Number of protein chains: 4
Amino acid sequence: MALEKLGTEIRREQIVEAALSLIAAQGVRRLSVAALARRVGLVPSALYRHFKSKQEILDAAVQLVQRRGLDNLKEVCASTPNALERLKLLLMRVIKMIRELQAMPRIVFSEGVSADHPERKRQAYVILTGFLSAIEGIMREGQERGEVRTDLDAKTLAVMFWGMLPPVVILWHMSDGAFDVTRQAERSWELFSEAIRAR
Amino acid sequence: MALEKLGTEIRREQIVEAALSLIAAQGVRRLSVAALARRVGLVPSALYRHFKSKQEILDAAVQLVQRRGLDNLKEVCASTPNALERLKLLLMRVIKMIRELQAMPRIVFSEGVSADHPERKRQAYVILTGFLSAIEGIMREGQERGEVRTDLDAKTLAVMFWGMLPPVVILWHMSDGAFDVTRQAERSWELFSEAIRAR
Amino acid sequence: MALEKLGTEIRREQIVEAALSLIAAQGVRRLSVAALARRVGLVPSALYRHFKSKQEILDAAVQLVQRRGLDNLKEVCASTPNALERLKLLLMRVIKMIRELQAMPRIVFSEGVSADHPERKRQAYVILTGFLSAIEGIMREGQERGEVRTDLDAKTLAVMFWGMLPPVVILWHMSDGAFDVTRQAERSWELFSEAIRAR
Amino acid sequence: MALEKLGTEIRREQIVEAALSLIAAQGVRRLSVAALARRVGLVPSALYRHFKSKQEILDAAVQLVQRRGLDNLKEVCASTPNALERLKLLLMRVIKMIRELQAMPRIVFSEGVSADHPERKRQAYVILTGFLSAIEGIMREGQERGEVRTDLDAKTLAVMFWGMLPPVVILWHMSDGAFDVTRQAERSWELFSEAIRAR
DNA sequence: TATGAATGAGGCTTCATTCAT
DNA sequence: GATGAATGAAGCCTCATTCAT
């Protein structure tokens with residue numbers, strides 16, 4: 001019994017991983033139940049033993065990305081107390097996670113996740129605001145430590161920091177590697193960090 | 001039922017407008033020929049009198065957005081010679097055009113447009129780089145006039161300016177208006193303009 | 001594109017000719033009203049001024065072939081009184097008319113002509129039996145003149161003579177010229193004429 | 001509605017049989033996926049579990065007819081060594097198989113099968129020449145045994161024998177049974193066999 | 001747990017035909 | 001007599017999902 005249940009747990013992970021991988025590679029539209037099943041070595045109908053619907057798989061995928069993102073954040077916070085260093089580290093990690101993160105906008109902008117059920121859209125928004133809150137926390141600490149300007153409120157700064165991520169992801173997506181994303185991110189960071197650093 | 005018969009030029013415009021509107025509202029995937037036809041008050045097959053295929057409609061939509069974007073840019077450039085003023089104006093116009101612009105990322109991230117034919121992906125990239133070139137021009141002029149810092153190259157500055165747009169669009173999309181996009185854009189602009197202004 | 005308005009009689013002929021030509025070249029299925037209209041330099045809807053429907057055009061085409069066939073027959077009969085010579089001449093003419101005749105089986109075997117309306121099928125059958133009757137007449141005369149065996153009835157002989165045509169047409173159609181149809185027809189004729197010649 | 005679930009092998013056969021039957025009855029053009037599905041008691045999309053496309057079904061149908069034809073030939077050859085007896089048997093079997101054989105010319109003349117892809121036309125030609133070769137073999141054996149005239153080459157004789165089939169099929173098709181096909185075939189055979197028999 | 005057949009909704013497209021101009 | 005827009009029926013196919021085994 002316990003073994004069976006574990007089996008399901010493992011399958012769920014397998015499936016969600018496969019989903020993220022397929023989405024990153026080919027987009028949500030190409031993520032057919034059939035393709036997904038093929039990827040995990042099952043038959044389409046078998047997926048329905050582990051998930052109620054395709055939508056549920058997408059939800060799980062979104063949550064996985066969220067979890068990874070938060071883990072990432074915690075690790076970064078643990079590695080240094082300095083706000084600017086934390087933020088830079090975070091930004092650079094995005095470059096590495098970009099494949100996975102790419103699934104994120106694709107899901108968000110993809111219909112079938114967001115369009116029909118306002119519920120799902122709200123959920124994505126919740127995730128975003130959660131992320132923003134975390135950044136806001138870092139900003140606030142940075143302000144308290146005197147590392148960050150205090151004439152701009154932490155919330156706004158958080159949004160502006162986050163705002164560096166979408167362009168990076170989009171450029172990476174569109175350019176197929178032709179654009180030097182790392183370099184661009186570093187330049188952006190220079191400008192941004194210089195602008196928010198306390199004087 | 002019986003609707004007026006309109007010239008094909010008018011119909012084409014109507015259809016493309018409707019397509020953009022539907023994409024902005026529900027995404028590319030939901031843009032079915034049926035929905036599109038319903039929107040313009042025709043029967044699905046009637047669209048094929050004016051376009052050879054659905055893909056051709058999407059192409060036309062992309063081109064329309066591109067054209068609008070460039071027109072916008074020209075108008076802005078015509079209204080003032082000052083680089084920072086031009087850029088601010090441009091940014092603020094985006095807020096107004098947001099409905100239409102929203103169709104843009106959806107098209108870009110949609111696999112129906114880009115995934116199958118790498119050709120289309122490349123096309124979108126060409127459009128983006130065209131836009132970036134224009135901004136770069138503004139930046140360079142600004143540097144020559146002494147309005148913009150010269151220790152950062154115009155190209156990088158252009159990308160950074162463009163980088164303010166995606167977050168704005170995404171926030172607007174995700175928050176359903178809960179987020180005060182205008183205010184956020186203004187704050188972003190303050191920070192950005194301050195950072196790039198020549199001292 | 002300044003289109004002359006032509007009398008309906010001329011137009012009807014034009015259209016039917018075009019139909020036969022298109023059918024011979026590409027088959028009935030490809031004979032769309034649009035293609036037909038293009039061929040005669042009109043717009044599809046214009047055809048409906050001259051014919052009530054596509055079906056009517058096909059009917060007219062069938063009748064035209066019939067008429068041509070009968071004309072052919074008359075000419076052949078006029079050229080010589082000898083039965084065997086008449087038949088040989090007729091057979092050889094088929095080789096020349098093959099393009100046009102090819103439209104015949106295509107129409108007969110094509111659905112939309114025969115399948116739905118038993119009426120049309122019957123009509124084709126009437127044409128065939130008309131042709132057979134004519135041949136039967138030739139045979140009978142030949143028998144009376146002592147040129148043809150009399151131990152086989154004229155009707156059967158007629159059918160057998162006609163039976164040489166379909167293979168010729170089919171081979172021509174299928175082989176795209178690889179098969180030496182003329183040679184084959186001559187051999188067939190030798191065997192057949194020898195077999196029916198009075199001794 | 002809920003019909004039994006059958007193994008895919010059985011279904012494939014069922015479907016192909018149904019296809020042949022529908023083609024014989026109404027022609028290729030009328031062979032819609034919907035009609036086919038209805039005939040086998042399934043929903044249209046269900047067919048796509050067993051065949052990749054409609055074209056694949058047609059291909060299978062062609063192959064089935066071919067296989068049946070060859071089986072027929074083998075059986076006939078096994079039943080007697082005498083060339084003329086073999087040929088007569090073969091001819092008479094055609095009368096029985098006529099329903100199925102009727103699908104054959106319809107497929108051959110149908111543009112849906114042959115016109116678009118010259119490949120298919122060629123394939124049909126290959127089948128025909130294969131059949132002709134087999135007949136040629138019988139003729140040659142007959143000549144060696146002294147049963148068949150040797151002043152006509154086997155190849156030509158084969159084509160002439162095959163040439164008796166199309167008229168039979170056509171007459172049966174057109175006359176809806178009004179024509180006594182069996183009798184006609186017998187007469188044709190008498191004449192033909194008499195003409196080729198060695199003296 | 002996994003399979004494989006079957007379903008039903010929906011998607012794009014073609015085409016003969018009608019109708020106002 | 002001719003045009004061009006619009007229609008409606010029909011056609012092929014995809015896909016998420018269900019269900020019996």
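Labels below follow one simple rule: chain letters A, B, ... track the order of the sequence lines, proteins then strands, and each chain is numbered from 1. Computed from a prediction, not measured in an experiment: that's the story for all the values here.
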Residues Thr8(B) and Arg49(B): side-chain donor-acceptor under 3.5 angstrom:
no
Which is true for [X] with a 4.0 Å heavy-atom rule: it touches a base, it touches only sugar-phosphate, or it touches nothing?
X: Leu31(D); value: sugar-phosphate
X: Leu47(B); value: nothing
X: Ser45(A); value: base

Donor-acceptor pair, Lys52(D) side chain versus Ile57(D) backbone, under 3.5 Å?
no
State whether the side chain of Gln66(C) and the backbone N or O of Val62(C) hold a donor-acceptor pair below 3.5 Å, judged by distance alone.
no
Show me the dot-bracket string of DNA chain E, counting Watson-Crick or G-U pairs under 3.5 Å, with | for pairs to another strand and [ ] for crossing ones.
.||||||||||||||||||||
Between [N] atom [atom2] and [X] atom [atom1], what is the distance in whole Å?
X: Leu36(D); N: dA6(E); atom1: CG; atom2: C1'; answer: 15 Å
X: Arg38(A); N: dC15(F); atom1: CZ; atom2: P; answer: 9 Å
X: Ile57(C); N: dC15(E); atom1: CD1; atom2: P; answer: 15 Å
X: Arg29(D); N: dC12(F); atom1: CZ; atom2: P; answer: 11 Å
X: Lys54(D); N: dT13(E); atom1: NZ; atom2: C1'; answer: 14 Å
X: Phe51(D); N: dC12(F); atom1: CZ; atom2: P; answer: 15 Å
X: Ile15(D); N: dC12(F); atom1: CD1; atom2: P; answer: 14 Å
X: Arg49(C); N: dT21(E); atom1: CZ; atom2: C1'; answer: 12 Å

Measure from the side chain of [X], starting at C-beta and using heavy atoms only, and say which of [options] lies closest.
X: Ala46(B); options: dA6(F), dC12(E), dC15(F); result: dA6(F)
X: Leu42(B); options: dC13(F), dT7(F), dT13(E); result: dT7(F)
X: Ser53(D); options: dC13(F), dG11(F), dT3(F); result: dC13(F)
X: Tyr48(C); options: dA2(E), dA16(E), dT3(F); result: dA16(E)
X: Pro44(A); options: dA16(F), dT17(F), dG4(F); result: dT17(F)
X: Val33(D); options: dC12(F), dA6(F), dA5(E); result: dC12(F)
X: Val43(D); options: dA5(E), dG8(E), dT14(E); result: dG8(E)

Hey, is Glu17(D) close enough to Arg68(D) for a salt bridge, meaning N to O under 4.0 Å?
yes
Rounding to 0.5 Å, atoms CD1 (Ile10(A)) and CD1 (Ile15(A)) come to a distance of 11.5 Å
Distance in Å, Arg39(D) CZ paired with Gln14(D) CD, rounded so as to fall on 0.5 Å steps
11.5 Å
dG11(F) phosphate, OP1 or OP2: any side-chain N/O from Arg30(D) under 4.0 angstrom?
no
Phosphate oxygens OP1/OP2 of dA6(E): is one of them under 4.0 Å from a side-chain N or O of His50(D)?
yes
Taking all atoms of both residues into account, what is the closest heavy-atom pair of Tyr48(A) and Ser53(A), and its distance?
CE2-CA, 4.1 Å
For Ala18(A) and Leu36(A), work out which heavy atoms get closest and say how close.
CB-CD1, 3.6 Å
Result for 5'-nearest mapping on DNA chain F, choosing between Thr8(B) and Ala34(D), is Thr8(B)
On DNA chain E, does the nearest nucleotide to Lys52(C) precede the nearest nucleotide to Glu9(D) from the 5' side, or the other way round? Give the residue.
Glu9(D)
